[in-house]
Amino acid sequence: MSSTTDAAAGRAQIAARTLRTDRWWLPPLANFVGLAAWVIYATVRVFMQSDYWVADYGYLTPFYSPCFSTGCVPEASHFGQFLPDVWFIPYAALTLPFLLLFRLTCYYYRKAYYRAFWLSPPACAVAEPHRKYSGETRFPLILQNAHRYFFYLAALITLINAYDAVIAFVKPDGSFGLGLGNIILVANVVLLFIYTASCHSCRSGVGGRINNFSKHPMRYKMWTFVTKLNTRHMQYAWATLASLAITDFYIMAVSAGWISDLRIVG
Ligand code: FES
């Protein structure tokens, strides 16, 4: 059978687009609004090239980490500066594309944006407007298979975010400091680790290609743990979008002087 088929082929021949009477359009609409709002916010922020660093407490927003541009505040560049400082290159341009590709190829986000943006299909038992359907068997969607490689890169970048969160406990004068910003940075990193660990590629990586789990008790334990996380992958996907935006907004607000960091120690 051809992988490209008419949308109507193999489907019930009914005149109505759908017989569903519930509000099936609500989830794709909510996803459309939520994802579009996040992408607009993140795009504006990464091109602002300001208010990403709080010098007094060492807070660096994840949208600018690692800060590789020669335009970065030197103290915020924990891993060197070698990108030119021009307006169209985000300060973290070496890692942001991989994070974007990690999310774009994520199994959950694929479902969300296929439904919300391409209406392909918009919901279960609702016909899509497209005449042809080739799934993910052709270019460019066949590239979604590269998700597993972006998973490894994203895990590495999350380690860098963790490093940023840990060193932010040491103030520029070398003393220990704890503020609301530290708590937000750590909470964001914990959520990022949970989201990354709940990835389908992670589950396949720790438990795949094993014929007999009893011979690999350690991997079975890891696979069981990741499987539990995996059942809530959608929730973690949204939680991390929220935590990334909240972390960035808080650091921008403190850096710009709109608010003061709530200090607990130091
Ligand atoms: Fe969503 Fe891998 S499946 S991050």
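Residue numbers run from 1 in the order of the sequence given. Note that ligands are numbered from 1 as they come in the structure, with each ligand's atoms numbered from 1 the same way. For the numbers below, each heavy atom of this structure counts, side chains included, while hydrogens, waters and symmetry mates do not.
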Mind checking salt bridge (charged side-chain N to carboxylate O under 4.0 Å, His left out) for Arg263 and listing every partner two or more places apart, or none if nothing turns up?
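Partners of Arg263 by the salt bridge (charged side-chain N to carboxylate O under 4.0 Å, His left out) criterion, ordered by chain and then number, come out as Asp261.
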Is Leu83 reachable from Leu153 through a run of I, L, V, M, F, W or Y residues, each pair having side-chain heavy atoms under 4.5 Å apart?
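Leu153 does not cluster with Leu83.
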Within-4.5 Å side-chain heavy-atom neighbours: Ile194 and Arg232
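In short, these two side chains do not touch, never coming nearer than 4.5 Å.
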Phe193 CZ: over 12 foreign heavy atoms closer than 6.0 Å:
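Yes, the 6.0 Å shell around CZ holds more than 12 heavy atoms from other groups.
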For ligand 1, which atoms, with element, lie under 4.0 Å from some heavy atom of Tyr195?
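With Tyr195 as reference, the close atoms of ligand 1 come out as 1 (Fe), 4 (S).
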The single option from Trp238, Tyr108, Tyr195 passing ring pair (Phe, Tyr, Trp, His ring centres under 6.0 Å) against His233:
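Only match with His233 under ring pair (Phe, Tyr, Trp, His ring centres under 6.0 Å): Tyr195.
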Under 2.8 Å from atom 2 (Fe) of ligand 1, protein N/O/S atom count?
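Counting protein N, O and S atoms closer than 2.8 Å to atom 2 (Fe) of ligand 1 gives 2.
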Are Asn182 and Tyr59 linked by a side-chain donor-acceptor pair shorter than 3.5 Å?
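There is such a pair (donor and acceptor under 3.5 Å, judged by atom type) between the side chains of Asn182 and Tyr59.
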